[in-house]
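Notes to accompany the following structure.
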Amino acid sequence: MPGVESEHLGRRRPEMSLKEMPMPAAPDLPVPMRALLAGARRKQSALLDLTRQLVRAESPSDDKAAVDACIAMAVAQAKALDGRVKLHRQRGFGDVLEARFGPKTKAGDAKPILLLGHLDTVWPLGTLKTMPCRLGEGRLWGPGTLDMKAGVAMAFTAVEMLAEARLLQREIVLLLNSDEEVGSPVSRPITERLAAGCAAVYVLEAAQGLAYKTARKGTGIWRIEVQGVAAHAGVDFEKGANAIRELARVVETVSGWTDLKHGLTVSVGVAGGGTKSNVIPAEAWAEVDVRIARKADGARIERKFAGLKAADKACALAVTGGINRPPMERTRGTQKLFRQARALAVELGFALEEASTGGASDGNFTSALGIPTLDGMGAVGEGAHARHESIVVEHLAPRVALLAALLAG
Ligand SMILES: [Zn+2]
């Protein structure tokens, strides 16, 4: 529903600045919503500047030096906001940043909130030359704007607003990783360990349309290799065992496991094999993408892949892979977080929807641990991983205000 937020926000009310607001005497007093919104609007250009700075530090997951340079900017920002910074050093990937804001959690306090994001992108170095970071048509364009440098800038802005309004009453942990786009191999254990000590996880990935995400599918990747027997297709046909024919049969089998009704999909994305048309191929292979909506389907599908057998006894199968991210199921805890967010959005003047997606994020890991997780709390825009990647500027302020309100609540 494009335009919902802006429509409501068009009716501007008299605004007080954050600093003029009477400070709440007790933490259970309502959060000053209109002041938060006004504060977010005043910070919009600084937020855009920070986003631009992060986008101009190109940071493909596979380039440690480049990702580290981008992470260094986030470290500087966290320190400027009095964050307690810890870098989790990595060898093969960029370092992972943990920054803590607000009072340290003591025994008996409410547990911290985890803000989760990543600073790596899918874009190689040099992309900015043909896809520059620029403002135009009400959007900020460029590689990594939507996925998810604007979301990271939004997190910093929300923390800054709360600190200025003295609403930072519980500890906030910001975790920015360096390897999300390649499956979070090194950051996953850090994410899981920090999430386990937190009351809730807010993921700053891009919105789904205008909606927050309360469910995501889990993902799996498999590789299937078929070993057959090569032979001259004319002279020795009967001595050969055709690996491509065998692979075709396997592709048909695994594709048949798709169960759309239950959100299970199996898709062979790449395949190859053979050498020359007159040679019976000895080798063939395929890579398979699997998505699951229900946790239980993970083990089920893993068993099925493990049980694959060649129909042609002269062929051998080698099957590797597994479920990489469990699904983020729409748990009660997540639904409760969403209801809070929706109620606060109404006070800010817009209707917040909830959505589910087939794409996975690090929210899948935290949700699978049973920690209430809200996702898609970052920027609104289009074109993640695509040439037209961009964020819509007018949605930044209301969503930062909402994030701040949730963190204060
Ligand atoms: Zn992302």
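Just the heavy atoms: all of them, side chains too, but no hydrogens, waters or symmetry mates, feed the values below. All ligand and atom numbering here is 1-based and tracks the order in the structure.
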Arg223: which residues meet the salt bridge (Lys or Arg N to Asp or Glu O under 4.0 Å) condition with it, sequence neighbours left out?
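Expected list: Glu225, Glu287.
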
Which pairs with one or both residues in residues 191-209 pass salt bridge (charged side-chain N to carboxylate O under 4.0 Å, His left out), sequence neighbours excluded?
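Every salt bridge (charged side-chain N to carboxylate O under 4.0 Å, His left out) pair that includes a residue of residues 191-209, provided the two are not neighbours, is Arg188-Glu192.
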
Using atom types as modelled and distance alone, determine if a side-chain donor or acceptor of Thr258 lies under 3.5 Å from a backbone N or O of Val266.
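Judged by distance alone, yes, a pair lies under 3.5 Å.
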
Do any N or O atoms from the side chain of Arg134 and from the backbone of Gly142 form a donor-acceptor pair under 3.5 angstrom?
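No, because the side chain of Arg134 does not come within donor-acceptor range (under 3.5 Å) of the backbone of Gly142.
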
If you leave out waters, which protein N, O or S atoms are less than 2.8 Å from the Zn ion (ligand 1)?
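As for protein N, O or S atoms lying under 2.8 Å from the Zn ion (ligand 1), they are His118 NE2, Asp147 OD1, Glu205 OE1, Glu205 OE2.
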
Can you name the side chain to side chain donor-acceptor pair (under 3.5 Å) partners of His388, sequence neighbours left out?
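If we apply the side chain to side chain donor-acceptor pair (under 3.5 Å) test to His388, skipping adjacent residues, there are no hits.
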
Could you label the plane-to-plane angle of the Trp222 and Phe305 rings as parallel, tilted or perpendicular, counting under 30° as parallel and over 60° as perpendicular?
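If you compare the ring of Trp222 with that of Phe305, the planes turn out parallel.
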
